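What you see below is based on every heavy atom in this structure, not just the backbone, and it leaves out hydrogens, waters and symmetry mates. These figures come from a predicted structure and were not determined experimentally.
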Amino acid sequence: MAGSPPLNSTLALASPEKSRGNSRKNPDTLLLRPAADVGWELWATAPGAPREAGRFETLPDLEKRNLLAVALPADSVLVISRWLQTNDDSLLPEMVQILLDRQGLIPREEGGKSFSFVPVLHEENRTLVAIRLLGTQIPAGLCQPQVERFEIAADLQPLIRDGLTLWREAGRLVAAFSRAGSLIHLQSFHEGVLSESIAIELLCTKLQLETEEILTSELGISLLGDFTDDETSLLTSIFATTPRHAPIEAPFLPLVVSDLTPPLVETQRQKVRTRQRLERVLLSAAGIYGLLLLGLILSVAWLSYNNRSLRKKIAADQPTVEAIRSTNSRWKAIEAAINPAIYPVEVLLQSASLLPEDGVRFTVFEENNNRVTIRGESNSAAAAFKLVEAIKGKSELNYFDWEMPKPNILPNDKAEFLIKGEPPNAPTH
């Protein structure tokens, strides 16, 4: 039919064999549109030609469906047309914005895309644009974040090229005026039956559009779906034009994708993006934690392997260690008899050889378990410190580790000193 929107190339008919093959790989993408009587129709748009996938008396749960597009009913949108005094398409967005602002139609909601426009005709110094605006009462069930396209249901109908097209959505009468095949005005009525008052209202709308030069006087009328003879006769008598009848066809999406997006959809998409970012962060954190845990497991495994290796080496060296320990014990048992460096008389002789001619004397010399204790008196503490330094520096006495606590000063100003000599590796008492 003249004025019908072009078919989407991605929806071209395919051979049955190809369609069946593709259907196994890709699930159907779905289109939801209002039914003619009551409820909603779900159509599968791919692969192959559109086919009806279900009917619902009320809006179904769409959250988990592979929904590609939603056809918004006429009562959820507003379509108006205006002549703008320019032929420069780059100026149209700003001029449409100003026009909507003056008429108080600029939406206040943040996010989404609540209006768009389509250039319909270009004349010498002006352009006819059709402006589409989303209503504020769009059902929340339609505002699903996974939906890619929000189209106006009238754009999916085969509109007459110049004139009036009537059909029913959810039992309500819908009227669309079109020019050059483009939708320029849309009305939705609460009644489902074409009454005389509705026909007169449509005539008034036609006359107003003609007065504004938006619609031509050559009006055609197209009726989609079931209309009674009385309704047809009423239109013929009022518009002096015989309507043409056509069935409601399967929906085909327009090639030009609508950029209309309800604000609620954008809000939900933002929530989805936020949740996805959080999931990515948590997934990254889990990955890092997994790597750290894997590193810890590998480290524990490596330490366990080293521990087993050391235990095996210790077990292999145990006989040698025991032999060395036994030899060391026997050596210590006879060391006092064969090592002249620890002979008590030799130690006393070497120590006494360091005494000055006057002022320092030994009072006690003891040897016990190779430990040497020397007690004595000196005229001063300095003389005692000098003596112990001389003992430490004598090579014949370097077998012992020598130390001297602070001397005790006597009432007569003399100093009592105690010098201890410990063998190497001696246990601490």
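The existence of a salt bridge linking Arg172 and Asp75 is confirmed by a sub-4.0 Å separation between a basic side-chain nitrogen and an acidic carboxylate oxygen. A salt bridge links Arg132 with Asp155; the closest basic N to acidic carboxylate O contact falls under 4.0 Å. The pair Glu210-Lys206 meets the salt-bridge criterion, since a charged nitrogen lies less than 4.0 angstrom from a carboxylate oxygen.
Counted by atom type alone, Glu249 and Gln157 present zero donor-acceptor pairs between their side chains at under 3.5 Å. Under 3.5 Å, the side chains of Thr86 and Asp88 contain no donor-acceptor pair of N or O atoms. For the residue pair Arg273/Gln276, the side-chain donor-acceptor check at 3.5 Å is not satisfied. There is a side-chain donor-acceptor pair under 3.5 Å between Trp167 and Glu169.
With hydrogens and angles disregarded, no donor-acceptor distance shorter than 3.5 Å links the side chain of Asn398 to the backbone of Gly393. At least one donor-acceptor pair closer than 3.5 Å links the side chain of Glu151 to the backbone N or O of Ser258. Judged by distance alone, the side chain of Thr127 and the main-chain N or O of Glu123 form no donor-acceptor pair under 3.5 Å.
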Would you be so kind as to tabulate the donor-acceptor pairs closer than 3.5 Å made by side chains of residues 312-326, with sequence neighbours excluded?
residue, atom, partner, partner atom, Å
Gln318, NE2, Glu322, OE2, 2.6
Glu322, OE1, Arg325, NH1, 3.3
Glu322, OE2, Arg325, NH1, 2.9
Ser326, OG, Arg330, NH1, 2.6

Show every donor-acceptor pair shorter than 3.5 Å between a side-chain atom in residues 54-61 and any protein atom, with sequence neighbours excluded, or say none if there are none.
residue, atom, partner, partner atom, Å
Arg55, NE, Glu52, OE2, 2.6
Arg55, NH1, Glu41, OE2, 3.2
Arg55, NH2, Glu41, OE2, 3.0
Asp61, OD1, Glu63, N, 3.2

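What you find for Asp401 and Pro423 is that their closest heavy atoms are OD2-O, 4.5 Å. A pairwise comparison of heavy atoms in Val193 and Ile198 identifies O-CD1, 3.6 Å as the closest pair.
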